[in-house]
Number of protein chains: 2
Amino acid sequence: MREGPDIARIASLVGDPARANMLTALMGGTALTASELALEAGVSLPTASSHLSKLMEGGLLTLASQGRHRYYGLAGPQVAGMIEAITGVAAAVGPQRVRPGPRDAAMRAARVCYDHLAGEQAVAMLDRLVGKKVLIRDDKEIRLGPSAAAHFAEIGIDVESKARRPVCRACLDWSVRRSHLAGTLGAAILDKILLEKWARREKDSRAVIFSPMGKQAFETVFLG
Amino acid sequence: MREGPDIARIASLVGDPARANMLTALMGGTALTASELALEAGVSLPTASSHLSKLMEGGLLTLASQGRHRYYGLAGPQVAGMIEAITGVAAAVGPQRVRPGPRDAAMRAARVCYDHLAGEQAVAMLDRLVGKKVLIRDDKEIRLGPSAAAHFAEIGIDVESKARRPVCRACLDWSVRRSHLAGTLGAAILDKILLEKWARREKDSRAVIFSPMGKQAFETVFLG
DNA sequence: ACAATGCTTCGATGGGGAACGAACTATGCG
DNA sequence: CGCATAGTTCGTTCCCCATCGAAGCATTGT
């Protein structure tokens, strides 16, 4: 019978699906509110709150209170490294799934992540925006570049942040293992994509299917 | 709501105390039988068997049947790395135990991590090898330098990689929070240390105790 | 002061899974 | 063969904890 660092305690904190989803969401590097995390995890607010207090007690999260908002974030790089290690094993061991069907391919290409676009398309888009210096990537953070307002106004998107929620946020993509764009800007872009009918959402799935013409338009506007 | 690699599934496997004890025991690097693991975990044989089949199904263990004995071992370095990462977090946030005992000091100084050396000694060694440009550290990756083959041949270690496993790999050290050397080269070095009797393994522990002379020899060869 | 929002606490419910004893299978030994 | 050792499977019991609705605090806005 062994003793030492209580590894089971830490692992079991990550071992609940709701908590695992929350932690994965926080891997983007930005702190999120309890409500946002409840959405990410797919549980009610009371349930999320309970989970969050457990994660706090376990030392995996930090809390920054700002008025009536409470921003939860990962406690540090060591915790992030642990999540990444677990994700690595899960990814290595997981693909026991029988042949990735077309749905999986579609999911990898483009899917909804809460309220914004994720997948290869989304990662390519963020790369391009950063390449054109419309957005500026600092370490793990993303900010608007000087030309951002003009650039997005042309497309018909207002980058003024009405809500308190950040305009830009990096969100880690599990299929590509790189960041894509979240935040109100990411949400606005997804809205536009669906509004212009460049793509439609697959029913009962997070996959986003672009029409041939829609893909062309998307690439012209965001990857051009 | 997120999807992707099922991290909760993997984490919950580690999240049970009995299973966590088994995995920790297997971090020593040697495969153990079901009965031995039942003892380590402090559970009955049927319970242990049930846990082991779950760990097998989760892909965390390998099984080698030899007659009526069934030897369970960690599935690979990636799994070992994950356990180390979790241990690191647990040690960092853990209930700062009243005064670290001598055993803990020994563990911090040098211990076995699956099949290679970890602890302060191992971190110092990697630093020195990188300093001498025998190894080259790129971001998170470690490669052989031009002089590596000659350098290790002198010591009696062949750096030719026969297996598919990488020769060098960085492994995060929970006690020092820095990387040490894993991979086939790391394993070969541990082999040499034990073969030359520079150090012995503490019974029922992962600690590696250097003799005064052995430490001297080790430092001459690897830190000189 | 009152309403609205964001979040936590409380209490009741239900399901999952960890535990063990007993019975069963498999390998080795005389 | 029969007996012993090593492990797994089965069935039962029991406890922990994830879940949600309702109610309670706290902060902000009007």
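First the proteins, then the strands, lettered A, B, ... as listed; each starts at 1.
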Partners passing ring pair (Phe, Tyr, Trp, His ring centres under 6.0 Å) against A:Tyr72 (at least two apart in sequence or in another chain): none

Evaluate the ring planes of A:Phe222 and A:Phe218, with Trp represented by its six-membered ring, and classify them as parallel (under 30°), tilted (30 to 60°) or perpendicular (over 60°). tilted

Who are the salt bridge (charged side-chain N to carboxylate O under 4.0 Å, His left out) partners of A:Lys192, not counting sequence neighbours? A:Glu196

Distances for protein N or O near nucleotides 27-29 of chain C N or O, under 3.5 Å:
none

Give each protein N/O atom lying under 3.5 Å from an N/O atom of nucleotides 20-22 of chain C, with the pair distance.
{"residue": "C:dC20", "atom": "OP2", "partner": "B:Ser44", "partner atom": "N", "Å": "3.1"}
{"residue": "C:dC20", "atom": "OP2", "partner": "B:Ser44", "partner atom": "OG", "Å": "3.1"}
{"residue": "C:dC20", "atom": "OP2", "partner": "B:Thr47", "partner atom": "OG1", "Å": "2.8"}

In chain order, what residues pass the ring pair (Phe, Tyr, Trp, His ring centres under 6.0 Å) check against A:Phe152, with sequence neighbours excluded? none

Under 4.0 Å between any heavy atoms, over every strand shown, what does A:Ala18 touch: base, sugar-phosphate, or nothing? Just pick one. sugar-phosphate

Please classify the nucleic acid contact of B:Thr33 as base, sugar-phosphate, or nothing, using heavy-atom distances under 4.0 Å. sugar-phosphate

Grab the NE2-P distance between B:His51 and D:dT9 for me, whole Å please. 14 Å

Between C1' of C:dA18 and CZ of B:Arg19, the distance in whole Å: 9 Å

Would a distance-only check, ignoring hydrogens and angles, find a side-chain to backbone donor-acceptor pair under 3.5 Å from A:Arg19 to A:Ser12? yes

When we call it a touch if two heavy atoms are under 4.0 Å apart, what does B:Tyr72 touch: a base, just sugar-phosphate, or nothing? sugar-phosphate

Does D:dC17 have its OP1 or OP2 closer than 4.0 Å to a side-chain nitrogen or oxygen of A:Lys54? no

Going through the checks in order, is the side chain to side chain donor-acceptor pair (under 3.5 Å) test met by B:Glu84 and B:Thr87? CA-CA 5 Å; B:Glu84 269 284 302; B:Thr87 308; 5.2 Å; no

Using whole Å, report how far CG of B:Leu61 lies from P of D:dT8. 12 Å

Here the distance between atom P of C:dA18 and atom CG of B:Leu52, to the nearest Å, is 13 Å

Got a sec, which pairs hit side chain to side chain donor-acceptor pair (under 3.5 Å) with one end in residues 41-50 of chain A, sequence neighbours left out? A:Ser44-A:Thr47

Of the nucleotides D:dG7, C:dG6, C:dA19, which one has an atom closest to the side chain of B:Ser35? D:dG7

For the pair made of CZ in A:Arg9 and P in D:dC16, what is the distance, rounded to whole Å? 16 Å

Check whether any side-chain N or O of A:Glu36 sits under 3.5 Å from a backbone N or O of A:Thr33 as a donor-acceptor pair, and report yes or no. yes

Rounding to an integer number of Å, can you tell me how far A:Arg70 CZ sits from D:dT28 P? 13 Å

Answer yes or no: are there more than 12 heavy-atom neighbours, outside A:Lys132 itself, under 6.0 Å from its atom NZ? yes

How long is the line joining NE2 of A:His69 and C1' of C:dT8, in whole Å? 16 Å

Rounded interatomic separation in angstrom, taking CG from A:Leu37 and P from C:dT8: 10 Å

